[in-house]
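Taking it in order: structure first as structure tokens, then the write-up.
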Amino acid sequence: MESRLSNEIVLITLSRPEAANALSVRLLEELYQVLINCRSDQSVRCLIITGVGTKYFCAGADLKERLGMDIEQVRSTLSLIRKTINAIASFPCPIVAAINGVALGGGTELAIACDIRIASNKAVFGLTETAVGIIPGAGGTQRLPRLVGIGRAKDLIYTARKVSADEALEIGLIEHIASPEALLGQAVRIAEQIAKNAPIAVRQAKRAIENGFDSDIAEGLIIEEQAYEITIASSDRLEGLQAFKEKRNPLFTGKYFVILTALSIERNS
């Protein structure tokens, strides 16, 4: 499931080709553990999540597995799905979704929990839960409206309609589109662009955007100020200034030089 593309970039591949990369309990547990491991590794600057093969990114919950569960087991599995997808959304570093094929239900929810989405031109999206008697239960009703607007989100969720990659790009569900052959390469290039920048700055930019998005502008500006304050205490800020002066590329280490900011860093990272 997990492989290192470089010291800073980790590729996570959903690998259940026999089940359209559906989210079984075992896959969810493995994915969650990988996220926890990566979160504690300070060398990681960007993750890429994709699916094995070219047909499916993730078909959502494993409904065949779900058929054999009682109500309490269903609730437990839903809790695990929510925990795992929330771990993606709250991951401190950016996550790029390389959507290599069909992404339905929980597959779309997983994709929209990532920071940046690039999809194969063969990809298909949909929050199709109402067609099988349930609703999106892993953030879809909340994250989709924030991406595409409340009207479009209601249309997609109420009708359970599927959308092509072209329509997904048009409505803002994804940010980039590529051929199947070029998909992973383009995702890696985006990750490399992220990874070469100051990791503390990138993490704090993500924190400011995520925490400020649902705030009013006054509160959002305070959140931004707090995030900026953390970057002031970083060695990367001084390295960026020195590299600019010397007309060279900076070498960012993601370290702090002010010990007194430790408590603030812990609260705000």
Q: List the atom of Lys206, the atom of Ile88, and the distance in Å for their closest heavy-atom pair.
A: NZ-O, 4.3 Å

**Q.** Verdict with reasoning, Arg248 to Glu239, per salt bridge (Lys or Arg N to Asp or Glu O under 4.0 Å)
**A.** CA-CA 10 Å; Arg248 61 173 173 82; Glu239 167 64 10; 2.7 Å; yes

Q) Any side-chain heavy atom of Ile232 sitting closer than 4.5 Å to one from Glu229? A) yes

**Q.** Validation row: Ile12, Leu31 side chains within 4.5 angstrom (heavy atoms)
**A.** yes

Q.
Using 0.5 Å steps for rounding, measure from the CG atom of Leu127 to the OG1 atom of Thr141.
A. 9.0 Å

Q. Out of curiosity, Ile190 CD1 to Ile118 CD1, how far, rounded to the nearest 0.5 Å?
A. 4.5 Å

(Q) Could you check whether any side-chain N or O of Glu2 sits under 3.5 Å from a backbone N or O of Leu11, counting only pairs where one atom can act as donor and the other as acceptor? (A) no

Q) In terms of hydrophobic clustering (I, L, V, M, F, W, Y; side-chain heavy atoms under 4.5 Å; direct or indirect links), are Val163 and Leu144 co-clustered? A) yes

Q: Measure across Ser235 and Tyr256 and return the closest heavy-atom pair with its distance rounded to 0.1 Å.
A: OG-C, 4.0 Å

Q. Given Thr231 and Asp236, is the side chain to side chain contact (heavy atoms under 4.5 Å, CB included) satisfied, shown in steps?
A. CA-CA 8 Å; Thr231 69; Asp236 289 345; over 6 Å; no

(Q) Under a 3.5 Å cutoff, is there a donor and acceptor pairing between the side chains of Glu246 and Gln242? (A) yes

Q.
Which heavy atom of Asp115 sits nearest to which heavy atom of Glu175, and what is that distance?
A. O-OE1, 4.3 Å

Q | Derivation of the salt bridge (Lys or Arg N to Asp or Glu O under 4.0 Å) call for Arg26 and Glu29 | A | CA-CA 5 Å; Arg26 180 176 177 181; Glu29 290 173 341; over 6 Å; no

Q) Does the Arg16 side chain pair with the main chain of Asn21, one donor and one acceptor, at a distance under 3.5 Å? A) no

Q | Expected output: side-chain Thr13 to main-chain Ser15 donor-acceptor under 3.5 Å | A | no

Q. Is Leu28 reachable from Met1 through a run of hydrophobic residues whose side-chain heavy atoms are each under 4.5 Å from the next?
A. yes

**Q.** Atom CG of Asn249 with >12 non-hydrogen neighbours under 6.0 angstrom
**A.** no

**Q.** Same apolar cluster: Leu23 and Met69, side chain cutoff 4.5 Å
**A.** yes

Q.
Please report the interatomic distance CZ(Phe57) to OG(Ser120), rounded to the nearest 0.5 Å.
A. 12.0 Å

Q.
Pair Ser215, Ile223 - check side chain to side chain contact (heavy atoms under 4.5 Å, CB included), show working.
A. CA-CA 9 Å; Ser215 306; Ile223 292 169; 3.8 Å; yes

(Q) Does Glu192 form a salt bridge (Lys or Arg N to Asp or Glu O under 4.0 Å) with Lys196? I'd like the steps, not just the answer. (A) CA-CA 6 Å; Glu192 288 173 339; Lys196 74 178 183 180; over 6 Å; no

Q) Mind checking what makes salt bridge (charged side-chain N to carboxylate O under 4.0 Å, His left out) contact with Asp166, not counting sequence neighbours? A) none

Q: Measure the CZ-CG distance between Phe125 and Leu173 for me, rounded to the nearest 0.5 Å.
A: 5.5 Å

Q.
More than 12 heavy atoms of other residues, nucleotides or ligands under 6.0 Å from CD1 of Ile71: yes or no?
A. no

Q: Kindly indicate, with the supporting measurements, whether the criterion salt bridge (Lys or Arg N to Asp or Glu O under 4.0 Å) is fulfilled by Asp155 and Arg161.
A: CA-CA 8 Å; Asp155 174 36; Arg161 183 169 66 86; 3.1 Å; yes

Q. Between Gln204 and Arg207, is any side-chain donor less than 3.5 angstrom from a side-chain acceptor?
A. yes

Q: Flag the pair Arg66 / Val74 as yes when at least one side-chain heavy-atom distance between them is below 4.5 Å, and no otherwise.
A: yes

Q. Is Leu47 close to Leu35 at the side-chain level, that is, under 4.5 Å between some pair of heavy atoms?
A. yes

Q | Minimum-distance pair of heavy atoms, taken over all atoms of Pro199 and Phe252 | A | CD-CB, 3.8 Å

Q: Treating Ile, Leu, Val, Met, Phe, Trp and Tyr as nodes and any side-chain heavy-atom pair under 4.5 angstrom as an edge, say whether Tyr32 and Ile85 lie in one connected cluster.
A: no

Q: Looking only at non-hydrogen atoms, find the nearest pair between Thr77 and Val25 and report the distance.
A: OG1-CG2, 3.8 Å

Show me the side-chain donor-acceptor pairs of residues 91-110 shorter than 3.5 Å, one per line, residues at least two apart or across chains.
residue: Asn100; atom: OD1; partner: Thr50; partner atom: OG1; Å: 3.4
residue: Asn100; atom: OD1; partner: Gly51; partner atom: N; Å: 2.9
residue: Asn100; atom: ND2; partner: Gly51; partner atom: O; Å: 3.1
residue: Asn100; atom: ND2; partner: Gly53; partner atom: O; Å: 2.9
residue: Asn100; atom: ND2; partner: Tyr56; partner atom: O; Å: 2.9
residue: Thr108; atom: OG1; partner: Ala103; partner atom: O; Å: 2.6
residue: Thr108; atom: OG1; partner: Gly126; partner atom: N; Å: 3.2
residue: Thr108; atom: OG1; partner: Gly126; partner atom: O; Å: 3.4
residue: Glu109; atom: OE2; partner: Gly137; partner atom: N; Å: 3.4
residue: Glu109; atom: OE2; partner: Ala138; partner atom: N; Å: 2.8
residue: Glu109; atom: OE2; partner: Gly139; partner atom: N; Å: 3.4
residue: Glu109; atom: OE2; partner: Gly140; partner atom: N; Å: 2.8

Q.
Testing the 3.5 Å rule here: is there a donor-acceptor pair between the side chains of Asn197 and Gln193?
A. no

Q: Could you tell me the separation between the CD1 atom of Ile230 and the CD1 atom of Ile200, rounded to the nearest 0.5 Å?
A: 9.0 Å

Q) So do the side chains of His176 and Arg117 get within less than 4.5 Å of each other, counting heavy atoms only? A) no

Q. Between Val188 and Leu5, is a side chain to side chain contact (heavy atoms under 4.5 Å, CB included) present by the stated rule, with each step listed?
A. CA-CA 8 Å; Val188 171; Leu5 300 182; 3.7 Å; yes

Q: Drop me the distance from Leu78's CG to Gln73's CD, to the nearest 0.5 angstrom.
A: 12.0 Å

Q: Just do the side chain to side chain contact (heavy atoms under 4.5 Å, CB included) check on Glu30 and Gln33 with the steps written out, would you?
A: CA-CA 5 Å; Glu30 291 177 356; Gln33 189 57 54; 5.9 Å; no

**Q.** Under-4.0 Å salt bridge between Arg75 and Asp70
**A.** no

Q) Do other residues, nucleotides or ligands put more than 12 heavy atoms under 6.0 Å from the CD atom of Glu225? A) no

Q: Locate the shortest heavy-atom distance separating Glu129 from Ile135; write the atom from each residue and the value.
A: CB-C, 3.5 Å

Q | Within one Ile-Leu-Val-Met-Phe-Trp-Tyr cluster: Ile49 and Leu147, side-chain cutoff 4.5 Å | A | yes

Q) Is the backbone of Ala131 close enough, under 3.5 Å, to the side chain of Thr128 for a donor and an acceptor to pair up by distance? A) no

